[in-house]
Amino acid sequence: MKGHFWSRFSGNFSNPSRQNLLNGKGSGFIQLQITVPDWESGEKLAAILVENRWCACAQILGPIQSHFFWKEKRESENEFLILAKTRDSLFEQIADLIAKNHPYECPQIIALPIMRVSDSYKQWLDEQIRTVRDQCGSES
């Protein structure tokens, strides 16, 4: 089969510019990865992010097993992972909001670019998430 990998799928996929792909921006949307110590903390953060339109959706996965060093001691803990979709332009505001509402001293807040996305899902994301102009809204 010749052609681009994405051409094998039915449906329309947004095609970010070459420059956006090279600079890691892709579609303009990101997926956040946030770990929390328990389900309740995940529910609280997910609710804040979605209800205030900082993120279009949030899934809570787990428990997962995390291995790491903290304060010079090797640790192994059960955690939960929140995956949340939002605009790249809102990362700093969302990271501040998460830090203020997170039980960890140093929470994991990672953003991965969403390089390609179906047109219909991208439209839905765009409709659900506040824009930079809307940032002054409720933050809970």
Side-chain angles (χ1 to χ4, degrees):
M1 291 177 66
K2 289 189 174 189
H4 192 270
F5 172 79
W6 293 108
S7 66
R8 298 178 192 161
F9 296 96
S10 62
N12 294 323
F13 287 81
S14 67
N15 190 9
S17 71
R18 178 171 166 72
Q19 185 58 42
N20 279 348
L21 288 172
L22 291 175
N23 67 20
K25 295 236 183 250
S27 66
F29 294 97
I30 56 176
Q31 178 170 275
L32 300 172
Q33 295 182 352
I34 308 150
T35 53
V36 292
D38 52 55
W39 184 264
E40 293 76 21
S41 298
E43 282 283 326
K44 177 185 172 190
L45 279 175
I48 289 169
L49 294 172
V50 174
E51 288 173 10
N52 292 291
R53 302 289 185 152
W54 288 106
C55 296
C57 63
Q59 295 97 14
I60 305 169
L61 310 174
I64 60 172
Q65 186 69 30
S66 295
H67 299 267
F68 54 93
F69 275 91
W70 180 247
K71 298 187 178 183
E72 302 302 320
K73 182 180 175 195
R74 188 181 178 289
E75 302 282 349
S76 178
E77 297 285 339
N78 280 332
E79 294 184 299
F80 289 81
L81 177 64
I82 302 170
L83 302 177
K85 283 77 170 175
T86 191
R87 298 179 194 282
D88 181 56
S89 61
L90 297 176
F91 178 79
E92 286 78 16
Q93 294 89 348
I94 292 170
D96 288 344
L97 179 65
I98 291 168
K100 290 176 187 170
N101 290 280
H102 201 289
Y104 287 164
E105 182 180 333
C106 179
Q108 172 187 301
I109 308 168
I110 295 174
L112 301 175
I114 298 175
M115 300 307 291
R116 305 273 299 193
V117 61
S118 69
D119 288 342
S120 60
Y121 192 72
K122 183 176 181 179
Q123 180 180 345
W124 179 80
L125 288 171
D126 199 44
E127 292 168 356
Q128 303 311 309
I129 306 167
R130 64 176 60 208
T131 64
V132 175
R133 293 185 307 275
D134 299 331
Q135 289 180 25
C136 296
S138 169
E139 294 185 17
S140 193

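Taking every heavy atom of both residues into account, Leu125 and Lys85 meet most closely at CD2-CB, 3.7 Å. In this structure, Ile48 and Trp54 approach most closely via the heavy-atom pair O-CD1, 4.2 Å. For Gly62 against Phe80, the heavy-atom pair with the smallest separation is C-CE2, 3.5 Å. Closest approach of Ser27 to Val117, counting heavy atoms only: CB-CG1, 3.9 Å. Residues Leu32 and Cys55 approach most closely at CD1-SG, 4.1 Å, considering heavy atoms. The two residues Ala58 and Ile82 make their nearest non-hydrogen contact at CB-CG2, 4.1 Å.
Arg53 contributes atom CZ, which lies 10.0 Å from atom CD of Glu127 (distance to the nearest 0.5 angstrom). Rounding to the nearest 0.5 Å places CG of Leu81 at 6.5 Å from CD of Gln108. Rounding to the nearest 0.5 Å places CZ of Arg130 at 9.0 Å from CD of Gln93. Atoms CD1 and CG, from Ile94 and Asp88 in turn, are 10.0 Å apart once rounded to the nearest 0.5 Å. Considering CD of Glu77 and NE2 of His67, their distance stands at 10.0 Å, rounded to 0.5 Å. Annotation: the span from Leu97 atom CG to Leu45 atom CG amounts to 8.0 Å, rounded to 0.5 Å.
Under the 4.5 Å side-chain contact rule for hydrophobic residues, Leu90 and Val50 do not share a cluster. Connection of Ile34 to Trp70 is not established within any shared hydrophobic cluster, with ILVMFWY side chains joined at heavy-atom distances below 4.5 Å, either directly or through further cluster members. Leu61 and Ile110 fall into different hydrophobic clusters, where Ile, Leu, Val, Met, Phe, Trp and Tyr are joined by side-chain heavy atoms under 4.5 Å apart, directly or via other members. Cluster annotation: Ile109 is not connected to Tyr104 through the hydrophobic network of ILVMFWY side chains, with a link wherever side-chain heavy atoms come within less than 4.5 Å.
With hydrogens and angles ignored, the 3.5 Å screen pairs no side-chain donor or acceptor of Arg116 with any backbone N or O of Gly26. Not a single donor-acceptor pair under 3.5 Å links the side chain of His102 to the backbone N or O of Ser41.
The closest side-chain heavy-atom distance from Trp124 to Ser118 is not below 4.5 Å. No side-chain heavy atom of Arg87 sits under 4.5 Å from any side-chain heavy atom of Ile30.
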